[in-house]
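Dropping the structure in here first, questions after.
Numbered from 1 within each chain, the chains take letters A, B, ... in sequence-line order. Excluded from the calculations below are hydrogen atoms, water molecules and symmetry mates; all remaining heavy atoms, backbone and side chain alike, are included.
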Amino acid sequence: MKRSHHCGELSLNHVGQTVILSGWVASRRDHGGVRFIDLRDRYGITQIVFDSEHEPAVHQLADRLRNEYVVAITGKVTLRPEGSANPHIPTGAIEIRSTSLVILNEAKPLPFALDDTITTTEALRLKHRYLDLRRPKMQELLQLRSQVSHLVRQYLHNNQFLEVETPILTKSTPEGARDYLVPSRVNPGEFFALPQSPQLFKQILMIGGTDRYYQIARCFRDEDLRLDRQPEFTQIDLEMSFVDQDDIMQLIEHMVRLIFKETKNIDLPSPLPRLSFEDAMGRYGTDKPDLRFDLQLQDLSQFAATCDFKVFRSAVEKGGIVKALIIPGGNAFTRNRIDNLIDTAKEFGAKGLAWVKINEEGNLDSSIAKFFHPQTLRDALPSAKPGDLLIFVADQSPIVHQVLGRLRLLLGEELGLIDRNRWEPLWVIDFPMFEFDDTAKRYIALHHPFTAPHSEDIPLLETDPLQIRTQAYDLVLNGFELGGGSIRIHAPQVQSKVFDLLNISKTEAREKFGFLLDALESGAPPHGGIALGLDRLVMLLGKTESIRDVIPFPKTQRAQCLMTEAPSPVTSEQLQELSIRTTVKKPTNPL
RNA sequence: GGGGCCGUCGUUCAGCUAGGUUUAGGACGCCAGAUUGUCAAUCUGGAGGUCGCGGGUUCAAAUCCCGUCGGCCCCGCCA
């Protein structure tokens, strides 16, 4: 019995036809003389009727059906009786009057109900992922993900990109994230690493004349997990030769716009807004601002430098800054709520949080109000209104930005300022090339060490490296970093200068990236690229709150797969063959 | 490495902050019966947990204490 149709496609147009459907019993309703089941497959749900009057034998057999039994059904498509149509499902106008039923497989009672209003713990869903995946919502997300991948392939193929696979077993580069290591049996004591990204290979491909490369690439990072971070994740990875920053950004904008239009009929702005790293940090306190609400950081450093409040003045004298958030309606905040804000600010790294209420009469209401001339403060914060609460952080700028940036997000959430139906993509550009790590007393690369500086900034390599801005760009959507890329360094002298500044010695550089350095000296074209997080993109498009919902078989926060119970101990024979001994005290050896 | 929340029948939740009134309760699911128009079907009946695990306090622990395991969220980390 092969199915003639899917469970989501039958309608009034099919009335009278005899069809065969297969699928799972999603629910059953037994009225004695007549029994109903909802038959579900990937495409939808169709109601099946078993009638004792016309088909007593089939009706009798249907008594055995239980949830998630797998069945094949033959029957005639009929119009539902007057008043019993179900407007909630696409096939709700019709039903199948079954003339034959084959039970293909039975199913044990379920560990959890497969509703879309699922209330069970995620752990249970992950353990029984094969059941969880049957839920229409999960099917929809899988489908969405597939559709996005397909659109990406189609679009890039149409733009002369070659899809190239790069190695999964590759070389460990201890810079950056921790590597997943894979021992090599035939090279005792030596290890492959799983790629954190195909970065070096795609640059090599450009030097190899590939011109345009892409890959939907699995990447691996052995770091701690988060809501939007998994140890293995997928990137839309691409690289192009003989292009500049704008070429790549435009290509990606077109692609992302296409994806949003085709999958969700959403029109993203064209062109996407751009914000410099400096402005993003200054106004939003982060390099991935959520532009769905305003609540910008207000710079009060000038005001602070001349005010009577010592905390503010001395922060500025020590080279720091003072910034504020204007919380609309915050005058109504209770003392308790403000205290909570202060505690939160301290958790985020602030030494304290100053606050001033502007009461309805426009007067300042605060223990520190006496230090300020009300009018001077109002002049410094022209958009503050009676009824608002002002909160201030005074410190070195990274701390001020971090604290206020995170308070901004928190307050945006709490005050309901975020419109869930808005899509606010933007590019963040002109990242600094280096940061100075105070504890390690050395420069570290903000992006990665192959990122090219703006050509006019190259002389600064010799004089003032912290002022160098790069040809790097991050695509940000609703506060999530969707991806980032850059024009790469193709001049070997520039590359080695960068390694010098990063305190990577000639021998070290040779050991780690010798092949790339050789390649750069062998006719490297100017090139650049980008990588977009496919998982995050689908997560946002699918309006689901966790990256785990768009990864069919994700890991828990402890980096474990609850279904397969990976990772797991291996036999001592396996370890011996690999010349490996663990230092774990009580290895729970399986054999 | 650190902080927070959580763990009670298959599921979800109540009971815990006055330890005994709990043979641990409700709902969903499950099992049986009834039921010819439901789609969260309905009605009647039934089975099912010793409260994540270990230890302690106590005459008495789901309830208090300590430890431990697991899940989630966050900080660090993620060039």
Reckon A/Arg226 has a side-chain N or O less than 4.0 Å from the OP1 or OP2 of B/C75?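 Answer yes for this pair, as a side-chain N or O of A/Arg226 is under 4.0 Å from OP1 or OP2.
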Under 4.0 angstrom between A/Arg229 side-chain N/O and B/C74 OP1 or OP2: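 For B/C74, OP1/OP2 do not have a side-chain N/O of A/Arg229 under 4.0 Å.
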Does NZ or CZ of A/Arg488 fall inside the cone over A/Phe450's six-membered ring, less than 6.0 Å from its centre and within 45° of the axis?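 Ring-cation test returns no.
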Is it the case that atom CD in A/Glu511 sees more than 12 heavy atoms from other parts of the structure closer than 6.0 Å?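 No, the 6.0 Å shell around CD holds no more than 12 heavy atoms from other groups.
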When every nucleotide of nucleotides 1-10 of chain B is labelled 5' to 3' by its protein contacts under 4.0 Å (heavy atoms), B for base, S for sugar-phosphate only, - for none, what sequence of letters results? B--------S
Does atom NZ of A/Lys555 have more than 12 heavy-atom neighbours from other groups under 6.0 Å away?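 Result for NZ/A/Lys555: enclosed.
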Near RNA chain B, which residues from residues 80-98 of chain A have a heavy atom under 4.0 Å away?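 Result for residues 80-98 of chain A: A/Arg80, A/Pro81, A/Ser84, A/Ala85, A/Asn86, A/Glu95, A/Arg97, sorted by number.
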Is the ring centre of A/His31 under 5.5 Å from the base ring centre of B/G37, and are the two planes under 30° apart, so that they stack?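 So no, this residue does not stack on that base, at least one cut-off failing.
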Can a side chain N or O of A/Arg221 be found less than 4.0 Å away from OP1 or OP2 on B/A79? yes
Among B/G29, B/G71, B/A79, find the nucleotide with the atom closest to the side chain of A/Asn67. B/G29
Under 30°, 30 to 60°, or over 60°: which ring-plane class applies to A/Phe434 and A/Tyr443, parallel, tilted or perpendicular? tilted
I want to check one thing: is the phosphate of B/C31, taken as OP1 and OP2, less than 4.0 Å away from some side-chain N or O of A/Arg66? yes
Phosphate-side-chain proximity, A/Thr556 and B/G71, N/O vs OP1/OP2 below 4.0 Å: yes
Does a side-chain N-to-carboxylate-O contact under 4.0 Å join A/Arg292 and A/Asp290?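 Counted as a salt bridge, because a side-chain N and a carboxylate O are separated by less than 4.0 Å.
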